[in-house]
Amino acid sequence: MLEGLVTEDIKPEGIYVILESAGMEIRKVSLELLSKCREIADLSGEVLTAVIAGKETERFAQKAAAYGADRVILLEDDRLALYTTGAYTSVLNRLIRKENPKAVILGNTAVGKDLAPRLAQRLGTGMASDCTGMEWDERYFIKFSRPVYGGKAFLEAVSDAYPIMATIRPNTFALGVEDDNRSAEVIRESTEIDGEDLRAIVKDIAMTVSQRPELIEADIIISGGRGMKGPENYQILEACADVIGAAVGASRAAVDAGWIEQKFQVGQTGKTVSPTLYIACGISGAIQHLAGMGSSKVIVAINKDPDANIFNLADYGIVGDLFEIVPLLTEEFRKL
Amino acid sequence: MNIIVCLKQTFDTEAKIQINSSGGIDSTGVNLVINPYDEFAVEEALKLKEAFGGTVTLVCMGREKAQEALRTALAMGCDQAVLICDPALVNADEWVVAEVLAKAVGQLPFDLILTGRIAVDDGSGQVAVRLAEALHIPSVSSILKLEAEDGKATVTREIDGGTELIEVSLPAVFTAQKGLNIPRYPTMLGIMKAKKKELKVLTLTDLDMAVETAVPKMKCLSCSLPKPRTGGKKLDYQPSEAAKELARLLREEAKVI
């Protein structure tokens with residue numbers, strides 16, 4: 001059992017954001033976290049450090065600086081080219097023990113959800129998952145707000161141990177202004193990875209080829225439910241999605257009917273999303289679905305049933321046949 | 001193959017959430033179920049048992065009432081169950097839960113551990129990964145397919161925007177994602193048999209854990225309900241007019257397009 005890092009003689013310092021990349025770019029959620037943590041660093045007088053693990057990481061350093069990092073630590077190793085729990089936990093654990101940060105923040109992505117708890121346990125510290133709020137606090141340093149029961153309630157959580165750790169839901173914080181005049185100290189750290197760390201090997205990766213944004217990071221989502229009537233009809237939503245740069249989602253009813261893959265499911269037993277705009281088509285608004293999308297900024301409902309629950313929370317509602325309305329709407333969007 | 005399934009009893013996903021007078025979540029009258037994702041873990045464990053023989057042991061930390069969830073899983077075909085129930089664990093965080101489960105699991109023989117990728121109540125998704133760490137074994141999250149053989153497993157896991165094929169040495173922890181299988185229902189015969197199966201209830205003392213070792217690292221300051229959303233504008237026009245007006249409002253009023 002490991003003890004926490006708090007000792008009387010070494011004071012934890014600084015805020016660390018673990019960045020994630022997708023291809024040649026830093027993921028949007030990582031930049032959102034840098035922007036927000038820059039604010040917290042300014043309020044608290046802490047130094048903001050971005051950490052990037054992987055292969056050819058240097059290309060990300062300037063972008064991290066432009067979004068607010070004071071320091072960028074590169075953990076460069078061929079064996080970190082693909083994410084694996086063991087190797088990433090191992091190198092980050094060593095770095096964090098050496099640097100002794102006050103807070104370590106990650107995105108609530110597939111990688112963040114897998115890495116952060118493992119790292120937290122190895123460091124003997126707590127962690128707040130899938131936060132939708134994070135503010136500087138004089139007493140607790142950072143206070144987190146996180147949804148429970150699929151967003152039907154929220155907790156305010158604080159940590160009694162250092163480093164304070166959390167994963168933050170994508171789209172929670174706005175991107176700051178990219179400032180190319182900002183620069184950061186770039187530090188290369190050595191990596192040590194042993195056999196124990198490589199007990200899981202990635203044999204293959206199959207990415208869905210799509211021009212559409214990833215569901216959990218999308219600014220706009222157009223979703224179809226039971227009212228879609230069949231798998232072939234998702235083309236209507238896809239056509240609309242392509243015009244406005246949206247991701248396509250679905251309710252559980254549509255997934256369970258086999259019309260669309262499970263990875264598109266939004267709801268309490270699917271993905272939780274918080275886009276700027278959520279367009280619900282043929283979705284009645286079951287409590288489990290609302291749990292997954294209730295934090296969307298603007299909600300549009302298109303449904304034949306005037307009594308559908310979704311109208312009780314939609315900002316804009318159209319009672320009508322989605323097969324008629326959505327293509328018309330697509331045309332209108334095209335004109336904008 | 002000896003398999004452990006870590007299971008949690010949660011509120012039904014239909015449950016309406018209310019805050020009680022002491023500021024916590026009110027569980028009065030709420031229907032309790034097996035965490036939906038843990039059902040996939042139970043099903044996968046039973047399939048492995050059918051293929052390779054061995055036992056499926058349920059391990060759960062929770063309240064007395066969680067015995068109901070364990071009996072249901074026993075009725076599905078699991079062999080035995082352990083419930084860790086102790087008043088000192090009321091405010092346990094994920095760190096504590098993982099330490100407690102690791103202690104309980106450590107007393108049992110196992111080749112692999114299965115559990116749900118997330119519990120639908122706290123939604124934290126940490127415990128399984130932390131448990132693997134506490135046991136010093138690998139873990140793979142959010143699996144959609146599992147093929148186990150002697151000392152090794154090949155799994156497909158969900159990642160953002162695709163899937164990943166991973167080969168991992170056993171023992172390991174796997175967390176089940178929806179799509180892994182379709183959980184079976186308990187049969188009448190299963191329910192009858194389950195009544196006679198062993199269900200041990202343990203305290204921290206039984207696990208040789210001092211209450212002081214179960215101090216959480218995280219604490220909850222308060223609990224609140226989200227601001228209720230109220231219905232906005234209904235666009236009562238002919239379809240083409242309604243579509244036109246909606247596009248305009250989204251651009252000019254809401255400024256989201």
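So you know, we letter chains A, B, ... as the sequences are listed, proteins then strands, and number each from 1. Values below: all heavy atoms of this structure, side chains included; hydrogens, waters and symmetry mates excluded.
Inter-residue side-chain proximity for A/V298 and B/L250 is flagged as met; some heavy-atom pair is nearer than 4.5 Å. Using a 4.5 Å cut-off on side-chain heavy atoms (C-beta onward), A/R27 and B/D160 make contact. Side-chain contact between B/K178 and A/R252 is present, with heavy atoms from C-beta onward closer than 4.5 Å.
Here the shortest heavy-atom pairing between B/S124 and A/S129 reads O-OG, 2.8 Å. Of all heavy-atom pairs between A/P117 and B/V129, the closest is CB-CB, 4.0 Å. B/M218 and A/S159 get closest at one heavy-atom pair: SD-CB, 3.6 Å. Nearest heavy-atom pair across B/A247 and A/L336 is O-CD1, 4.0 Å.
The choice from A/A206, A/A157, A/A153, A/G151 that makes the most heavy-atom pairs within less than 4.5 Å of chain B is A/A206. The residue among A/A286, A/A128, A/G245, A/A291 with the most heavy atom pairs within less than 4.5 Å of chain B is A/A128. The greatest number of non-hydrogen atom pairs below 4.5 Å with chain B, out of A/L155, A/T208, A/I201, is found for A/I201. Each of A/K203, A/Q262, A/K113, A/R118 has some count of heavy-atom pairs under 4.5 Å with chain B, and the biggest count is that of A/R118.
Judged by distance alone, with hydrogens and angles left aside, the side-chain atoms of A/D315 form no donor-acceptor pair with the main-chain N or O of B/G232 at under 3.5 Å. A donor-acceptor contact shorter than 3.5 Å links the side chain of A/K152 to the backbone of B/T13. Side-chain atoms of B/K217 come within 3.5 Å of backbone atoms of A/G124 as a donor-acceptor pair (strictly under, hydrogens ignored). For B/Y237 (side chain) and A/I318 (main-chain N/O), no donor-acceptor pair under 3.5 Å exists by modelled atom type.
If you measure heavy-atom distances from B/E245 to chain A, you find no contacts under 4.5 Å at all. With a threshold of 4.5 angstrom between heavy atoms, B/A132 approaches chain A through its backbone and through its side chain. There is no contact between B/T175 and chain A, counting heavy-atom distances below 4.5 Å. Using a 4.5 Å cut-off between heavy atoms, B/S240 touches chain A through backbone and side chain atoms alike. Of the atoms belonging to B/P138, heavy atoms from both backbone and side chain fall under 4.5 Å from chain A.
Between A/E332 and B/K244 no salt bridge is recorded (no basic side-chain N to carboxylate O distance below 4.0 Å). Taking a cutoff of 4.0 Å between a charged side-chain nitrogen and a carboxylate oxygen, B/D122 and A/R146 do not qualify as a salt bridge.
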(request) Dump the intermediate steps for side chain to side chain contact (heavy atoms under 4.5 Å, CB included) on A/I244 and B/I257, then the final yes or no. (result) CA-CA 7 Å; A/I244 50 176; B/I257 292 263; 3.7 Å; yes
